[in-house]
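Each ligand, and each atom within it, is numbered from 1 in the order the structure gives.
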Amino acid sequence: MARETEGNVADGSHFETSRRRFLGGTGLAAIGAVIGGAMPFSRDGIGIPQAHAQGTPAAAPAAKGPQYLKFPGKNEGLVVLGEKPLVAETPESLLDDDTTPIEKFYIRNNGQIPEEAKDPDAWKITIDGEVNNKIEITLGELKSKYKAVTRRMVLECGGNGRAGFSPPARGNQWTNGGAGCAEWTGVPLADLLKKAGLKPSAKYTAHYAADLHLSGDASKPTISRGVRIEKAMDPNTMIVWAMNGKPLPNIHGGPVRLIVPGWAGSASQKWLTRITIRDREHDGPGMTEFSYRTAIKPMVPGGKADPANFRILESMPVRSIITNPANGAKFAAGTKELKLRGASWAGDLTVKQVDVSLDFGASWQRVTLEKPKNKYDWQRWIATVKLPTDGYFEIWARATDSKGAMQPHQAGFWNPQGYGGNAMHRIAVLVG
Ligand SMILES: Nc1nc2c(c(=O)[nH]1)N[C@H]1C(S)=C(S)[C@@H](COP(=O)(O)O)O[C@H]1N2
Ligand SMILES: [Mo]
């Protein structure tokens with residue numbers, strides 16, 4: 001299948017974003033063929049972003065189209081959102097596997113990618129700070145002295161859904177593809193923290209890693225986030241060394257990383273070297289001002305933000321994606337029904353219900369939703385929808401979490417760096 005490789009869509013304009021969102025899934029062989037050329041979304045409903053009007057001056061700059069990833073071991077359908085640092089997302093239609101294969105898993109770096117560790121089992125991890133006994137352990141010892149567990153859990157970038165914000169928010173323009181669900185093998189961080197013995201003053205973690213700052217300055221941490229001690233003690237928060245049964249690849253933080261499921265992916269430190277327990281909130285790069293923070297009192301979109309009005313983003317919001325058919329799929333004239341597949345997840349919560357619409361949200365049909373395998377697993381879903389006629393259809397999907405929160409039509413609660421964007425997923429299909 002033809003790939004458009006020209007151009008870099010990092011910090012893409014809203015125009016590029018709209019276009020990419022539409023074309024993003026066309027790389028996958030869906031049930032049918034894929035429509036060539038631009039087919040804009042119909043966007044005249046309330047809260048639906050304006051489609052780029054064809055032929056107007058705003059649409060005049062040549063559309064660059066998505067840049068596809070070329071990286072060893074990675075699927076060529078991944079879309080590059082930034083090259084320095086390397087960031088790539090997975091089109092929704094490539095998230096159609098129950099367990100996301102490594103080759104399809106999104107990539108998010110903030111700094112330079114370190115060289116692959118030559119002797120993974122000699123890799124050292126330190127746990128210090130507000131603990132009774134500092135721990136220094138090699139990966140080899142961790143594997144042999146602690147009981148390993150495997151869990152299938154979603155990892156999702158805090159900025160997932162950012163491309164839905166208007167005006168555009170700062171940062172990588174993720175559509176819904178800054179997420180994946182893999183089998184992670186490792187030990188609960190709580191097991192090490194119990195061994196170290198938390199002091200009563202222990203309030204927060206600070207995560208450190210081996211990746212160099214983009215500038216190459218070794219004295220600057222690339223990113224160093226942390227979580228409340230309660231989350232660190234959750235048995236699902238893990239130090240992991242295997243992904244889908246294979247040694248954790250270097251690009252995903254191998255030989256060893258944190259997985260803090262349900263929360264912004266930035267807490268899941270790759271190339272983990274040290275966790276320092278603090279007596280107060282962490283203040284490393286990624287913890288302050290507007291990074292991984294959302295507004296307490298909703299702010300005017302694009303307006304001036306007051307840092308005092310922001311709090312740390314913890315659990316990610318509910319989201320659902322249609323993983324088959326791919327956006328832009330074409331079906332033979334006379335096709336009477338479509339089989340849909342998708343996935344949904346909801347940060348710390350579970351998904352209670354997913355609905356799909358073929359008529360721009362006028363009516364909804366409930367899908368068949370699977371239960372998660374374990375906590376923090378995503379929930380796959382299937383549905384069969386009847387097509388009233390041939391023609392152009394949009395399929396919309398919305399999920400509702402276990403506390404009753406449903407995905408909105410449009411990314412709301414604007415904030416400068418675009419967190420919490422969880423507008424319902426839409427795809428376009430053409431029948432006949
Ligand atoms: N050391 C380190 N850890 C990191 C990052 C990073 O840049 N450096 N990026 C974080 C962010 S923002 C996300 S979303 C996830 C992405 O993990 P992945 O690249 O394995 O998908 O890793 C997190 N851990
Ligand atoms: Mo992220």
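Contacts between A264 and ligand 1 below 4.0 angstrom, taking non-hydrogen atoms only, are absent altogether. Looking at Y106 against ligand 1, both its backbone and its side chain come within 4.0 Å, counting heavy atoms. Counting heavy atoms under 4.0 Å from ligand 1, residue A209 touches it through the side chain alone. By the criterion of a heavy-atom distance under 4.0 Å, neither the backbone nor the side chain of L272 is placed next to ligand 1. Contacts of Y208 with ligand 1, taken as heavy-atom pairs under 4.0 Å, are absent altogether.
Taking only nitrogen or oxygen atoms, main chain and side chain alike, R257 reaches within less than 3.5 Å of ligand 1. Considering backbone and side-chain N/O of N109, none are found under 3.5 Å from N/O of ligand 1.
Taking every heavy atom of Q269 and a limit of under 4.0 angstrom, the matching atoms of ligand 1 come to 1 (N), 2 (C), 3 (N), 24 (N). In summary, the atoms of ligand 1 found under 4.0 Å from a heavy atom of C157, numbered by their order in the structure, are 14 (S). Remark: ligand 1 atoms within the under-4.0 Å shell around heavy atoms of F105 are 21 (O). Counting atoms of ligand 1 from 1 in the listed order, those under 4.0 Å from a heavy atom of I107 are 19 (O). For ligand 1 and I223, the ligand atoms under 4.0 Å from any heavy atom of the residue are 2 (C), 5 (C), 6 (C), 7 (O), 8 (N). Proximity to L155 (heavy-atom distance under 4.0 Å) selects the following atoms of ligand 1: 17 (O).
A salt bridge between K147 and D191 is absent, with no side-chain N of the basic residue lying under 4.0 Å from a carboxylate O of the acidic one. In this structure, K203 does not pair ionically with D279, as no charged nitrogen and carboxylate oxygen lie closer than 4.0 Å. A salt bridge does not link K375 with D348: none of the charged nitrogens is closer than 4.0 Å to a carboxylate oxygen. Between R293 and E281 a salt bridge is recorded (basic side-chain N to carboxylate O distance below 4.0 Å). Salt-bridge annotation for D401 and K352: absent, with no side-chain N of the basic residue lying under 4.0 Å from a carboxylate O of the acidic one. Salt-bridge formation is detected for the pair R278/D283: a Lys NZ or Arg NE/NH1/NH2 atom is positioned less than 4.0 Å from an Asp or Glu carboxylate oxygen. In summary, D96 and R380 engage in a salt bridge, as defined by a charged side-chain N under 4.0 Å from a carboxylate O.
Remark: among candidates H252, Q112, K270, the nearest residue to atom 19 (O) of ligand 1 is K270, based on non-hydrogen atoms. When the options N110, N160, T100 are ranked by their closest heavy atom to atom 9 (N) of ligand 1, first place goes to N110. The residue among V260, D211, T90 with a heavy atom at the shortest distance from atom 2 (C) of ligand 1 is D211. Compare R108, E89, M243 by their heavy atoms: the one nearest to atom 11 (C) of ligand 1 is in R108.
The closest approach between any non-hydrogen atom of Y292 and ligand 1 is below 4.0 Å. Between S268 and ligand 1 there is a heavy-atom distance shorter than 4.0 Å.
Looking at atom 10 (C) of ligand 1, its nearest protein heavy atom turns out to be S266 CA, 3.7 Å. At the shortest separation from atom 23 (C) of ligand 1 among protein heavy atoms lies G265 O, 3.3 Å.
At distances below 3.5 Å, not a single donor-acceptor pair connects side-chain atoms of R398 with backbone N or O atoms of W364.
Not less than 6.0 angstrom separates the ring centroid of F165 from the ring centroid of W174.
Side-chain atoms of D355 and W381, non-hydrogen and from C-beta on, never get closer than 4.5 Å to each other.
Put simply, the residue from E156, Q407, H425 that forms a side chain to side chain donor-acceptor pair (under 3.5 Å) with R319 is E156.
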request  = Quick one: do N244 and E183 satisfy side-chain hydrogen bond (donor to acceptor under 3.5 Å, both in side chains)? Show the steps, please.
outcome  = CA-CA 5 Å; N244 296 345; E183 303 250 3; over 6 Å; no
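Geometric assessment of R426 against the ring of W396 yields a positive cation-pi assignment under the 6.0 Å and 45° thresholds.
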